Amino acid sequence: MCGGGQATVTRIVPCLSDNYSVLVHDPVSQATAVIDVPEVAPVLAALEREGWTPNQILITHHHADHVDGVPALKARYNATVVGPKAEAASIPGIDVEVVDGDPVAVGGLVGRVMETPGHTAGHVVYLFEEDRLLFAGDTLFVLGCGRPIECEPPVLWESLQRLRTLPDDLAVYVGHEYTVSNARFALSVDPENGALRARAGEAEAARAEGRPTIPTRLGDEKLTNPFLRADDADMAARLGLDPADSAAVFTELRARKNSFKG
Ligand code: ZN
Ligand code: FE
C-alpha cells in the first residue's frame, strides 16, 4: 500500500448453521468482493448495512454451502463470479474461470489464486499477500482442515504444505466455524502443546460469547494445527508411525478425526 491509502476492510458474515461468507472492501476504489455465498439473505443484509456494492464474487469450491446464494447475489448486483476452472460446471453463474497463479483484483487490492486440491479436486484459495489476507475456504480450518472428499488424504497434505510456506502474519479466513470441536480433537493427538491448550480455551470463550474464531493467524496454525504438523517427529511418535512418512501420518490424523467422538 502506498500514498497513505486507507486499509482494506473485511466483514465476517455468519451463514447457515456454521458457514462464513466474508466481505472484502477497498475503501480507495470502493470495490467490494464477497468470498463464498452460502445463502443470500445474511450477505445482502451485511452489504446493505455497510453500504457496499459488490462487483465480484470469489468462490473457493463448488459445494452447495458455498455457492447456493450466488445466483441471487449476482442477479441483484450484476457482480462478476470468479471460481476454479476445474469446477466451473458446478458453480452457478461463473464468469471467470481461474487456475493456479491467476491474478485477482478487488479494486486496488491485488491477489492471486492458489489451487489447493483435497477437500474437492478443484478447490482454490485466494491470497492477497500485500494485505496479509488468505481466504482458505474448506482447505484449512482453525485447528483443522477440510475432509478429503474428492481426493486421497495425501493430496490435501500437499496443499496444506504449500499453504504452510506462506508468511506467519497472514490473517486466514476459513469457510466454517468448527474450531471448538477441532480443538478437542487436536488436544487428543497433541495434549502437551501449551499453545494449543491456550488457543482451545480462547476458542471456547469466543464461542460462548457468540464471537467468530476467524480470522486465524497462519503462524498460530503452524504451531497448533495438527494437520499442518504431520511431518513433526513427535506427532509421528505419538501415533506410532514412521516420522519419515508424513503422508501416512496425515492420513492417520484424518482417519482419527473422522471417527473422533469429542
Ligand atoms: Zn465444502
Ligand atoms: Fe463447506
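Ligands are counted one by one from 1 in listed order, and the atoms in each one are counted from 1 as well. Keep in mind that this is a model prediction, so the values were computed, not measured.
Aromatic rings of Tyr20 and His176 (six-membered ring for Trp) have centroids beyond the 6.0 Å cut-off, not under it.
Closest approach between the Fe ion (ligand 2) and any N/O/S atom of Asp65 involves OD2. Nearest to the Fe ion (ligand 2), among the N, O or S atoms that His176 has, is NE2. Considering just the N/O/S atoms of Asp138, the one nearest the Fe ion (ligand 2) carries the name OD2.
The nearest N, O or S atom of His66 is closer to the Fe ion (ligand 2) than 2.8 Å. The Fe ion (ligand 2) has no N, O or S atom of His119 inside 2.8 Å of it.
No donor-acceptor pair under 3.5 Å is formed between the side chain of Arg112 and the backbone N or O of Tyr126. Between the side chain of Thr10 and the backbone N or O of Val24, no donor-acceptor pair lies under 3.5 Å.
Side-chain atoms of Val172 and Leu134, non-hydrogen and from C-beta on, do get closer than 4.5 Å to each other.
The pair Asp100-Arg162 counts as a salt bridge, with a side-chain nitrogen and a carboxylate oxygen less than 4.0 angstrom apart.
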Identify every side-chain donor-acceptor pair in residues 29-37 under 3.5 Å, counting partners at least two apart or on other chains, and give the distances.
| from | atom 1 | to | atom 2 | distance (Å) |
| --- | --- | --- | --- | --- |
| Ser29 | OG | Asp26 | OD2 | 2.7 |
| Ser29 | OG | Ala31 | N | 3.2 |
| Gln30 | NE2 | Pro27 | O | 3.1 |
| Thr32 | OG1 | His25 | ND1 | 2.7 |
| Asp36 | OD1 | Thr60 | N | 2.8 |
| Asp36 | OD1 | Thr60 | OG1 | 3.4 |
| Asp36 | OD2 | Thr60 | OG1 | 2.8 |
| Asp36 | OD2 | His66 | ND1 | 2.9 |

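Take the Zn ion (ligand 1) and draw a sphere of radius 2.8 Å; the protein N/O/S atoms inside it number 4.
Ring geometry for Phe185 versus Phe227: interplanar angle under 30°, hence parallel rather than tilted (30 to 60°).
One side chain, Thr116 or Thr139, offers a donor N or O that lies under 3.5 Å from an acceptor on the other.
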